[in-house]
Amino acid sequence: MKIKKAVIPAAGFGTRVLPITKAMPKEMLPIVDKPSIQYIVEEAVNSGITDICIILSRGKSIIEDHFDRAPELEEKLLSSKKIKDYDQIVDIAKLANITYIRQSEVKGLGHAIFCAKAFIGKEPFAVLYGDDVIMGEVPCCKQLLDQYEIYQLGCVCMKEVPFELVTMYSSLKVENLHDNVFKITDMIEKPSTKELAFSNYSILGRCVLPPDIFEILENIPKGAGGEYQLTDAMKILAQQQGMIGVDFVGKRYDMGSKLGILQATIETGLHHPEIGEDFRNYLIQLSNHL
């Protein structure tokens, strides 16, 4: 069974990048000329996903506007014979079938995913975190979907983080199966000390989950930060069924951090078809004054 549905949780406040997120959702912060959430939607679509549920909170209707048609703008572009720009704008609205659900109270990632229960039904589905833009030749989401087809177990993208930082992330108990694919049998969200960590492998940005996760989410208590943590639900799933971890190939940008936003903008700008060469020359000149 091919997985065709995905959930993008995008209801957080973006407090790490204030003050811009006071009025602008962090998911709409630009990477050169596209908002970060468009890169995430495009990754899902390029992985074979056709139906996407974006979890929003109050004040984020601009995200809905971005993926909707814009008749006045389209008419203006056509009348000005800006056909390339017109096609680009219209194509955004055709990327996928997008549904929006408002998370009335921001109670954590686990609660956000639970809000999509009716949308998902009894199918396995992908989750692409709204904070994380991951770029590479093979879409990160597809790397997980391919492993789900093989093992029929929940899958997560993961990377090693420095042990001194593991308390800021999750920690996974892993056993290598082959190459960059691992079996996960346990995990912990933000271990209080590095000594309590299973490993320095942490979940970063993407997962594929069976529908069983919703029953677990419905019954877990609040976890770290007084919120319902998706990791706590996946911990139970890993203990009961086992999960698969993929040490993914690609570059992750943390769009919830100021440094991550700058890194994504600069590195994407260097490869942009319109401005890449000029931007590279600018950076070379700038580096002479650093």
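These numbers come from a predicted model, not from an experiment. Note that these values count all heavy atoms, side chains included, but never hydrogens, waters or copies made by symmetry.
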Colleague: Between atom CD1 of Ile37 and atom CG of Leu56, what is the distance when rounded to the nearest 0.5 Å?
Modeller: 7.0 Å
Colleague: Could you tell me the separation between the NZ atom of Lys5 and the CD1 atom of Ile49, rounded to the nearest 0.5 Å?
Modeller: 10.5 Å
Colleague: Working to the nearest 0.5 angstrom, can you tell me the gap between Leu217 CG and Gln229 CD?
Modeller: 11.0 Å
Colleague: So how far is it from Leu78 CG to Ile89 CD1, rounded to the nearest 0.5 Å?
Modeller: 11.5 Å
Colleague: For Glu75, check side-chain contact (heavy atoms from CB on, under 4.5 Å) against everything at least two apart and list the hits.
Modeller: none
Colleague: Any chance the side chains of Gln38 and His66 put a donor and an acceptor closer than 3.5 Å?
Modeller: yes
Colleague: Looking at every heavy atom in both Ile261 and Leu29, which two are closest together, and how far apart are they?
Modeller: CD1-CD1, 3.5 Å
Colleague: Could you check whether any side-chain heavy atom of Pro30 comes within less than 4.5 Å of a side-chain heavy atom of Pro35, counting everything from C-beta outward?
Modeller: no
Colleague: Glu64 side chain to Tyr100 main-chain N or O, any donor-acceptor pair under 3.5 Å?
Modeller: no
Colleague: Return all side-chain donor-acceptor pairs below 3.5 angstrom for residues 156-167, not counting sequence neighbours, or 'none' if the list is empty.
Modeller:
{"from": "Lys159", "atom 1": "NZ", "to": "Asp247", "atom 2": "OD1", "distance (Å)": "3.0"}
{"from": "Lys159", "atom 1": "NZ", "to": "Phe248", "atom 2": "O", "distance (Å)": "2.7"}

Colleague: Got a list of side-chain donor-acceptor pairs under 3.5 Å for residues 236-244, not counting sequence neighbours?
Modeller:
{"from": "Gln239", "atom 1": "NE2", "to": "Asp186", "atom 2": "OD1", "distance (Å)": "3.2"}
{"from": "Gln239", "atom 1": "NE2", "to": "Asp186", "atom 2": "OD2", "distance (Å)": "3.4"}
{"from": "Gln241", "atom 1": "NE2", "to": "Asp212", "atom 2": "OD2", "distance (Å)": "3.4"}

Colleague: Below 4.0 angstrom, N of the basic side chain to O of the carboxylate: do Lys4 and Glu123 qualify?
Modeller: no
Colleague: Using atom types as modelled and distance alone, determine if a side-chain donor or acceptor of Ser257 lies under 3.5 Å from a backbone N or O of Gly260.
Modeller: yes
Colleague: Would Val7 end up clustered with Tyr129 when hydrophobic side chains under 4.5 Å apart are linked, directly or stepwise?
Modeller: yes
Colleague: Evaluate Tyr253 against Glu267 for side chain to side chain donor-acceptor pair (under 3.5 Å), listing each step before the verdict.
Modeller: CA-CA 10 Å; Tyr253 300 101; Glu267 293 177 28; 2.6 Å; yes
Colleague: With a 4.5 Å heavy-atom cut-off, do Glu27 and Met255 have their side chains touching?
Modeller: no
Colleague: Looking only at atom types and distance, does a side-chain atom of Gln143 sit under 3.5 Å from a main-chain N or O of Val249, one as donor and one as acceptor?
Modeller: yes
Colleague: Please name the pair of heavy atoms, one in Pro25 and one in Gly59, separated by the smallest distance, quoted to 0.1 Å.
Modeller: CG-O, 4.0 Å
Colleague: Looking at Arg252 and Ile134, would you say the former's side chain and the latter's main chain have a donor-acceptor pair under 3.5 Å?
Modeller: no
Colleague: Determine, for Tyr39 and Lys34, whether the Lys NZ or Arg CZ falls below 6.0 Å from the six-membered ring centre while staying within 45 degrees of the axis.
Modeller: yes
Colleague: Holding to side-chain contact (heavy atoms from CB on, under 4.5 Å), I want the full list of residues that pass it with Lys22, two or more places apart in sequence or in another chain.
Modeller: Leu18
Colleague: Is there a donor-acceptor pair closer than 3.5 Å between any side-chain N or O of Ser199 and the backbone N or O of Leu172?
Modeller: yes
Colleague: Could you tell me whether a side-chain N or O of Ser202 sits under 3.5 Å from a main-chain N or O of Ser170, the two making a donor and an acceptor?
Modeller: yes
Colleague: Are Phe119 and Ile52 in one and the same hydrophobic cluster, where Ile, Leu, Val, Met, Phe, Trp and Tyr link if side-chain heavy atoms are under 4.5 Å apart?
Modeller: no
Colleague: Any chance you could measure Asp146, atom CG, to Cys155, atom SG, to the nearest 0.5 Å?
Modeller: 9.5 Å
Colleague: If you look at every heavy atom in Val127 and Pro9, which pair is closest and at what distance?
Modeller: CG1-CD, 4.1 Å
Colleague: Could you pull out all residues at least two apart from Phe214 that satisfy ring-ring contact (aromatic ring centres under 6.0 Å, His included)?
Modeller: Phe125
Colleague: Determine yes or no for a side-chain-to-main-chain donor-acceptor pair under 3.5 angstrom, with Glu227 supplying the side chain and Gly223 the backbone.
Modeller: no
Colleague: If the threshold is 4.0 Å, N to carboxylate O, is there a salt bridge linking Asp232 and Lys222?
Modeller: no
Colleague: How long is the gap from NZ on Lys94 to CG on Asp87, to the nearest 0.5 Å?
Modeller: 8.0 Å
Colleague: Evaluate the ring-ring contact (aromatic ring centres under 6.0 Å, His included) criterion for residues Phe114 and Tyr228: first the C-alpha distance (whole Å), next the side-chain angles of each, then the deciding distance (0.1 Å), finally the verdict.
Modeller: CA-CA 10 Å; Phe114 188 76; Tyr228 295 100; 9.2 Å; no
Colleague: Identify the heavy atoms of Ala116 and Ile101 that sit nearest to each other, and give their distance.
Modeller: CA-CD1, 4.1 Å
Colleague: Look at the side chain of Asn176 and the backbone N and O of Val181, then say whether any donor-acceptor pair between them is shorter than 3.5 Å.
Modeller: yes
Colleague: Are any side-chain N or O atoms of Lys235 and backbone N or O atoms of Met187, one a donor and one an acceptor, separated by less than 3.5 Å?
Modeller: yes
Colleague: Could you pull out all residues at least two apart from Phe198 that satisfy ring-ring contact (aromatic ring centres under 6.0 Å, His included)?
Modeller: none
